[in-house]
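Letters A, B, ... mirror the listed sequences (proteins, then strands); counts begin at 1. Side-chain atoms are counted along with the backbone in the values below, which use heavy atoms only and exclude waters and symmetry mates. Everything numeric in this text was worked out from a predicted model, so none of it was measured.
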Amino acid sequence: QKEVEQDPGPLSVPEGAIVSLNCTYSNSAFQYFMWYRQYSRKGPELLMYTYSSGNKEDGRFTAQVDKSSKYISLFIRDSQPSDSATYLCAMSPYSSASKIIFGSGTRLSIRP
Amino acid sequence: GAVVSQHPSRVICKSGTSVKIECRSLDFQATTMFWYRQFPKQSLMLMATSNEGSKATYEQGVEKDKFLINHASLTLSTLTVTSAHPEDSSFYICSATRPGASNTEAFFGQGTRLTVV
């Protein structure tokens, strides 16, 4: 079993829809949770960063962490074609980039 | 956010030759940089942690003599793929963490697509 599981998709939704992206994990020691957006042939871009459980909102993006269920989510409201990309979840037990475990990414396509 | 620049973005080389990839932090000093490898539709796999002024720390299974890392200054780390072979073809990405910020807030370069023919 992988430490971090993420549905690879692809996920295709119409413009304006609410998108829900999810990851599950098995290591209860994870404390730091991130979401990255990666456009084709580009490096990942940090979108959201959360410590421990709870919600965090930034514009159209909301990150949720449920440590009791070992489940994290990223919601995108009013989705735009420019949101089309691969979204990677990532998590770490410590405040150390060398311990970050990445999900395999979900390909998202927003249809105009 | 912080800016990390990687060069070249794409390189094609002949089997047996060596290729150097540069990673620069443009607006901050990075004492630690990280090198990843990413295969199509797979997650990023950490290859090594590059520390300024000291030897890199390699992850299990990564050949030190194959993937040479040099972190000569606070803004530059290089990865050299020596005696490259077609199986080394991949997407290589570096990242850096900004001093004063959480060590998990890593900023990534744009990646280098290496093709060995």
Which atoms of A:P44 come close to chain B, meaning under 4.5 Å heavy atom to heavy atom: side chain ones, backbone ones, both, or neither? both
Table please: side-chain donor-acceptor pairs of residues 101-108 of chain A below 3.5 Å, with sequence neighbours left out.
| from | atom 1 | to | atom 2 | distance (Å) |
| --- | --- | --- | --- | --- |
| A:T106 | OG1 | A:Q6 | NE2 | 3.3 |
| A:T106 | OG1 | A:D7 | O | 2.4 |

I want to know whether A:F33 and A:Y25 have ring centres closer than 6.0 Å. yes
Minimum-distance pair of heavy atoms, taken over all atoms of B:L44 and B:F108: CD2-CE2, 3.4 Å
Between B:S90 and B:R37 (side chain of the first, backbone of the second, donor and acceptor by atom type, cut-off under 3.5 Å), is there such a pair? no
Within residues 109-117 of chain B, which positions have a heavy-atom distance to chain A below 4.5 Å? B:G109, B:Q110, B:G111, B:R113
Compare every heavy atom of A:K70 with every heavy atom of A:S26, then report the nearest pair and how far apart it is. O-CE, 3.5 Å
Could you tell me which residues satisfy ring pair (Phe, Tyr, Trp, His ring centres under 6.0 Å) with A:Y39, sequence neighbours excluded, listed by chain and number? none
Do B:E22 and B:K20 meet the salt-bridge criterion of a basic N to acidic O distance under 4.0 Å? no
Linking I/L/V/M/F/W/Y whenever any side-chain heavy atoms sit under 4.5 Å apart, do B:V19 and B:I69 land together? yes
If I compare all heavy atoms of B:F107 with all of B:V4, which pair ends up nearest, and what's the gap? O-CG2, 3.5 Å
Heavy atom to heavy atom, less than 4.5 Å: which residues from residues 71-79 of chain A reach chain B? none
Side-chain (B:D27) to main-chain (B:V3) donor-acceptor, under 3.5 angstrom: yes
Please state whether the side chain, the backbone, both or neither of B:Q6 comes within less than 4.5 Å of a heavy atom of chain A. neither
